Amino acid sequence: MFLNLLRGIHVPHRKDTADCPPQRIPIPATVSLPMSMHIGKPALPTVKPGDLVKVGQRIAEPDGPISAPIHASVSGQVRSCGKLLLSNGQVISAVVIDSDGRQATDPSLRPPAVTDYASFLAAVRDSGAVGLGGAGFPTGAKLQVDPAQLETILVNGAECEPYITSDTRTMLDETDLVWKGVKQMQAHLQPRQILLCIEKNKPQCIQRFQALCQGEAGIQVLALPQRYPQGGEKVLLYTALGKVLPEGKLPIDVGAIVINCTTVAAFARYIETGMPLVERCVTVDGGAVAHPQNVIAPIGTALRDLFAFCGGFRREPKNVFYGGPMMGVSVPSLDYPVLKSTNAALALDEKEGTPPDPTPCIKCGRCIRHCPIGLMPQAIERAYRLNRPEELEKLEVSLCMRCGCCSYVCPAKRPLVQINKMANLLVRQYRAQERR
């Protein structure tokens, strides 16, 4: 694998909501809380239909080390503990709560006593924090590392996707929480350095944290070039540290942790107040949205409630996404809920949301030149269509991070990133068969 700082693409920023402080939406009548809002095993529900719950009350326990607890985001009564079809086609358990509108908080909530690494790690786990930049990896598991192995923590404030500004608002509106989380990590993980990595198109965020870093040993701001996918884990490791992440390895294997800035604020809030992760700042935008803005919504709120708060649709949406237009996931219904990892909800109109018709590949090589990790999407597509998993392994398709650069620059509009996803599945099936 070869990373090149000049690779990647320039995409339209469209950060139209960057100057919009988030507005809190009215409490929804119902929330749906899937038990799988993170990478790893789904959480196990601890409530049953008819139970009364309050905001912040734990309603599901983590199932193993790579899992995360889930907390009630509204007060009210549990309607059901049934099944929910997620946007990725997975059927998962979900707890549905009918709100009483009072938002009464759980009286047992208390700030945890954090005195050492063990208590800090326990607090991060109990907060329910996961990767809030979209990845969803349980933060407690990410921070459970050998201190002797850790050299650098990269706080990811790149937010390089078009439209999305929820991390920007966290850095501006909750600067103190981000900073307190950074100081907690410095005290208990004791890395050699912490770098606050922010793209240069966010000068206010850069200036604010540079001021905080004055006189602070081991913490500094790294202003990143404006290039997509600058916030990708592999790309950020190379840009910030010049380190290449080997296939199948985690950042800690090269001495680093990469953690989203909003995730840092989430566990810092829990340590300070005792309130776990129960709400999200979500960027609501797209050509179909009447009044794009940032909103704060209880986790589990239906997407239709977000769009209604933003004035509904000025045009019929062609496509609705969790996340941004480059790496977001299309959702088939507005009834789908806000998840922990939902940083944006986009409704694209006919012009924005209609994919172009592909034409035959002209072998121009743009997909290869712009791939941030140097893959060969054109060759991967050919091997996939010929059903050659051994060749896909040699082409290292499993390194693909689904950034979409290849599809974006392709003049023939080939669905290369979608092919890469299916090729990954083919390789996994092949490896499983080989093991058997």
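Computed from a predicted model, the values in this text were never measured in an experiment.
- Listed for the Thr175 side chain is a donor-acceptor partner under 3.5 Å among the backbone atoms of Met171.
- Nearest heavy atoms, Phe267 versus Ala129: CB-CB, 4.4 Å.
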Q: Output, in order, the C-alpha distance, side-chain angles, deciding distance and verdict of salt bridge (charged side-chain N to carboxylate O under 4.0 Å, His left out) for Glu174 and Arg269.
A: CA-CA 10 Å; Glu174 300 188 320; Arg269 180 183 292 105; 2.4 Å; yes

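- A distance of 9.5 Å separates CD of Gln23 from SG of Cys310, quoted to the nearest 0.5 Å.
- With Ser75 contributing its side chain and Ala104 its backbone, the two residues share a donor-acceptor pair below 3.5 Å.
- Rounding to the nearest 0.5 Å places NE2 of His38 at 3.5 Å from OG of Ser67.
- Here the rule is side chain to side chain donor-acceptor pair (under 3.5 Å) with Asn260, and of Asn156, Asp167, Asn343 only Asp167 fits it.
- If you check the side chains of Gln186 and Lys183, you find a donor sitting under 3.5 Å from an acceptor.
- Annotation: Met376, atom CE; neighbour count of heavy atoms from other residues, nucleotides and ligands within 6.0 Å does not exceed 12.
- A donor-acceptor contact closer than 3.5 angstrom is absent between the side chains of Thr283 and Asp285.
- In this structure, Gln293 CD and His291 NE2 are separated by 8.5 Å, a value rounded to the nearest 0.5 Å.
- Atom CG in Asp51 sits 10.0 Å away from atom CD1 in Ile97 (nearest 0.5 Å).
- In summary, of the residues considered (Ile153, Ile219, Leu154, Leu241), a side-chain contact (heavy atoms from CB on, under 4.5 Å) with Gln193 occurs for Leu241 alone.
- Scored by the ring-ring contact (aromatic ring centres under 6.0 Å, His included) test, Tyr322 finds no partners at all (sequence neighbours excluded).
- Closest approach of Asn201 and Gln226 over heavy atoms only: N-OE1, 3.5 Å.
- No side-chain heavy atom of Ile9 sits under 4.5 Å from any side-chain heavy atom of Pro229.
- The shortest non-hydrogen separation linking Arg227 to Gly8 is NH1-O, 3.8 Å.
- Counted by atom type alone, Thr165 and Asn294 present one or more donor-acceptor pairs between their side chains at under 3.5 Å.
- Within 6.0 Å of the CZ atom in Arg314, the count of heavy atoms belonging to other residues, nucleotides or ligands exceeds 12.
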Q. Can Lys243 and Glu151 be said to form a salt bridge (charged side-chain N to carboxylate O under 4.0 Å, His left out), step by step?
A. CA-CA 12 Å; Lys243 294 186 176 182; Glu151 297 176 2; 3.1 Å; yes

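- Residue Gln90 places its CD atom among more than 12 non-hydrogen atoms of other residues, nucleotides or ligands, all under 6.0 Å distant.
- A salt bridge links Lys180 and Glu272; the closest N-O separation between the charged side-chain nitrogens and carboxylate oxygens is under 4.0 Å.
- Nearest approach of Leu416 to Cys410, heavy atoms of both residues: CD1-CB, 4.3 Å.
- A donor-acceptor pair shorter than 3.5 Å can be found between the side chains of Ser398 and Glu247.
- Screening Thr168, Thr262, Thr170 for a side chain to side chain donor-acceptor pair (under 3.5 Å) involving Glu159 leaves a single residue, Thr168.
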Q.
One pair to check against salt bridge (charged side-chain N to carboxylate O under 4.0 Å, His left out): Arg24 and Glu279. What are the steps and the verdict?
A. CA-CA 10 Å; Arg24 195 173 295 276; Glu279 61 184 19; 2.6 Å; yes

Q) Where do Phe137 and Ile66 land on the side-chain contact (heavy atoms from CB on, under 4.5 Å) test, with the steps shown first? A) CA-CA 8 Å; Phe137 193 86; Ile66 311 299; 4.2 Å; yes

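- Taking the salt bridge (Lys or Arg N to Asp or Glu O under 4.0 Å) definition, one finds that Arg315 meets it with Asp349, sequence neighbours left out.
- Taking a 6.0 Å sphere around NZ of Lys54, one finds it holds 12 or fewer heavy atoms contributed by other residues, nucleotides or ligands.
- Between Glu352 and Arg14, at least one side-chain nitrogen of the basic residue sits less than 4.0 Å from a carboxylate oxygen of the acidic one, meeting the salt-bridge criterion.
- In the displayed structure, Lys318 atom NZ is contacted under 6.0 Å by at most 12 heavy atoms of other residues, nucleotides or ligands.
- Summarising the local packing, NZ of Lys41 is surrounded by 12 or fewer heavy atoms from other residues, nucleotides or ligands at distances under 6.0 Å.
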Q: Report the C-alpha distance between Asn424 and Cys400 in whole Å, list the side-chain angles of each, state the deciding distance to 0.1 Å, and finish with yes or no for side-chain contact (heavy atoms from CB on, under 4.5 Å).
A: CA-CA 8 Å; Asn424 261 299; Cys400 175; 4.2 Å; yes

Q: Apply the test ring-ring contact (aromatic ring centres under 6.0 Å, His included) to residues Tyr228 and Tyr408: give CA-CA distance (whole Å), side-chain angles for both, the deciding distance (0.1 Å), then the verdict.
A: CA-CA 11 Å; Tyr228 177 84; Tyr408 185 84; 8.1 Å; no

